[in-house]
Engineer: 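Can you read through this structure? Questions will come right after.
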Amino acid sequence: MNIVILAAGMGKRMNSSLPKVLHPLAGKPLLSHVLDTARSLSPARLCIVYGHGGAMVPEAMRAQDIAFALQEPQLGTGHAVMQALPSLDSTQATLILYGDVPLTRRDTLQRLLDSAGDDKLSVLTVDLDDPTGYGRIVREQGNIVRIVEQKDASPTQRMIREVNTGIMVVPAGYLQPWLQQLSNDNAQGEYYLTDIIARAVSVGVAVTSAHPGAVWETLGVNSKVQLAGLERTFQANQAAALLEQGVTLADPARIDIRGSLQCGRDVSIDVNCVFEGTVELGDNVTVGPNCVLRNVRVADKVSIKAFCHIEDASIGPASLVGPFARLRPGTQLGQQVHIGNFVEVKNSNIADFSKANHLAYVGDSDVGARVNIGAGVITVNYDGVNKHRTVIEDDAFVGSDCQLIAPVTVGKGSNIGAGTTLTRDAPPGKLTISRARQTVIEGWTRPTKKQKPEKQD
Ligand code: UD1
Ligand code: CA
């Protein structure tokens, strides 16, 4: 089978310089949603018809298996499909999709293909309460005889509620001759793809139809309002799937997944969490409210408290993170690690049972097991030109408010006194401290406030 995706329209109502089909839904361009579904059907040929936005669409979508056909100017849907013909295999049926209709399910398209069989033309149609703007499906004795566009329809035809979604399958061998016979003698002066239905009927090719499981599968995006609407539909579907699976969601209307989220058993997710890229949560994981997780692996029994931002990281079993923690790319936490409030970790390994509970920056570091990193500790990893690593060995205790000036090693089992600026390695098992001695100034008195002159009336 061939698949043609129409994506040349300009999307004027988006009020954007980005071509409509490149606007993201759940973090991914509209057109990528359609492409992924198209690919799941393993087409022999896949062609995207583009126009508005110039090379932006092919540049964003470029891949081995896709042919691009430029439609310039845009003279209608029939004209658009015509541009794809050189990229198609005329001995195979052709499925036509729209690049701005992102949520059609594979099952629905499979049903449409099955209904077409080898020799029928099949249209995906849907009954709408308000069919305004759509092409109407005209039937005689139950059989589809033609599609009439809103602007060309008679008042009686406008009463028809069954509409053309635009998605159809054309049997092998007919697409080219039928498109060549199209005329633009209609209300919009366009070459309508929909005119091929009457053509099929006139030459005795059977025309049939299939229907989507839900109306939203056929909805297109012409404005930001419609885009936001479909985003909510998509997110609601994902939330429903998680609930089905046994995940607890504090509010299924307040979770956004822009990528894939895999959850183990007894996972609980509080409100307003955003999951991006590939996120895996193990068994018994809890995620507090207002967290953002992007490309993260979370092991069993981890608790992530409110307001954490976690990116390209992995968190070992039974660890506690947050509230207000930031784990940046390259963070790897072992088991039962505690990362508390206002702690930032970047490109660091922190081994089992270690803790950094308050206000710390751990960057480019290798932290051993059972290490305690006190409040206000900072790894000074950047000298303005290069980054250097800090090594903190097992069982070390770094007192509050220390600066560890990398490259530096804190030896196994050592203590670093509070307030130390560590510029050289601290030996294992010893107390290392760098701090000005405390002194008391005798005879010092507090300054007193100067008396202001009295105000005169
Ligand atoms: C079309 C159908 C109509 C159907 C409706 C569903 C025709 C003549 N009409 O309406 O029956 O109910 O879709 O939404 O087919 N496009 C191009 N090049 C063009 C024109 C359009 O690539 O020259 C693409 C658009 O980017 C869009 C799709 O085709 O993805 C549909 O175009 P649009 O203008 O939205 O649809 P209508 O022609 O109004
Ligand atoms: Ca449209």
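Quick caveat: nothing in here was measured; it's all calculated off a predicted structure. Read the numbers this way: they start at 1 and go in the same order the structure lists the ligands and their atoms.
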Engineer: Under 4.0 angstrom from ligand 1, any heavy atom of H79?
Structural biologist: no
Engineer: Strictly distance-based, threshold 3.5 Å: is any side-chain N or O of H358 a donor or acceptor partner for the main-chain N or O of V343?
Structural biologist: no
Engineer: Would you mind running through ligand 1 and noting each atom that sits below 4.0 Å from a heavy atom of Y192?
Structural biologist: 8 (C)
Engineer: Could you measure the distance from the CD1 atom of I48 to the CZ atom of F68? Nearest 0.5 Å is fine.
Structural biologist: 4.5 Å
Engineer: Restricting to salt bridge (Lys or Arg N to Asp or Glu O under 4.0 Å), what partner residues turn up for D129, sequence neighbours left out?
Structural biologist: R161
Engineer: Counting each atom of ligand 1 from 1 as listed, which ones have a heavy atom of G135 under 4.0 Å away?
Structural biologist: 3 (C), 4 (C), 11 (O), 12 (O)
Engineer: Going by the salt bridge (charged side-chain N to carboxylate O under 4.0 Å, His left out) test, name the single residue among K387, K346, R328 that passes it with D364.
Structural biologist: K346
Engineer: Look only at interatomic distance and state if A8 has a nitrogen or oxygen under 3.5 Å from any nitrogen or oxygen of ligand 1.
Structural biologist: yes
Engineer: Please give me the minimum heavy-atom distance between L30 and P102, naming the atom from each residue.
Structural biologist: CD2-CG, 3.6 Å
Engineer: Kindly confirm or rule out an N or O of E190 lying under 3.5 angstrom from an N or O of ligand 1.
Structural biologist: no
Engineer: Taking the ring centre of each residue, are F353 and H338 less than 6.0 Å apart?
Structural biologist: no
Engineer: Closer than 3.5 angstrom, by distance alone: can the side chain of S303 be matched with the main-chain N or O of T286 as a donor-acceptor pair?
Structural biologist: no
Engineer: Counting only nitrogen or oxygen atoms and a 3.5 angstrom limit, does T77 reach ligand 1?
Structural biologist: yes
Engineer: Go through ligand 1 atom by atom and flag the ones less than 4.0 Å from a non-hydrogen atom of Y134.
Structural biologist: 6 (C), 12 (O), 14 (O)
Engineer: Does any donor atom in the side chain of D89 or T91 lie under 3.5 Å from an acceptor atom in the other side chain?
Structural biologist: yes
Engineer: Using heavy-atom distances, let me know which of A7, G9, P73, G11 sits nearest atom 26 (O) of ligand 1.
Structural biologist: G9
Engineer: Do any heavy atoms of G220 fall under 4.0 Å from ligand 1?
Structural biologist: no
Engineer: Take every heavy atom of D100, measure it against each atom of ligand 1, and state whether any distance is under 4.0 Å.
Structural biologist: yes
Engineer: Where on V21 is there a heavy atom closer than 4.0 Å to ligand 1, on the side chain, on the backbone, on both, or on neither?
Structural biologist: neither
Engineer: Can you tell me if V49 contacts ligand 1 (heavy atom of the residue under 4.0 Å from the ligand)?
Structural biologist: no
Engineer: Hey, which atoms in ligand 1 end up nearer than 4.0 Å to a heavy atom of T165?
Structural biologist: 6 (C)
Engineer: Using heavy-atom distances only, which candidate in A80, P131, G76, G99 approaches atom 23 (O) of ligand 1 most closely?
Structural biologist: G76
Engineer: Could you list which atoms of ligand 1 come closer than 4.0 Å to a heavy atom of L6?
Structural biologist: 22 (O), 24 (C), 29 (O), 30 (O)
Engineer: Does the distance from a Lys or Arg side-chain N to an Asp or Glu carboxylate O, for R232 and D256, drop under 4.0 Å?
Structural biologist: yes
Engineer: Look at atom 17 (C) of ligand 1 and find which of H52, Q71, Q74 reaches it with the closest heavy atom.
Structural biologist: Q71
Engineer: Applying the side-chain contact (heavy atoms from CB on, under 4.5 Å) criterion to V247, which one of V267, L281, I255 satisfies it?
Structural biologist: V267
Engineer: From the options K20, Q83, E149, select the one whose nearest heavy atom is closest to atom 11 (O) of ligand 1.
Structural biologist: E149
Engineer: What pairs with F307 under ring-ring contact (aromatic ring centres under 6.0 Å, His included), at least two apart in sequence or on another chain?
Structural biologist: F324
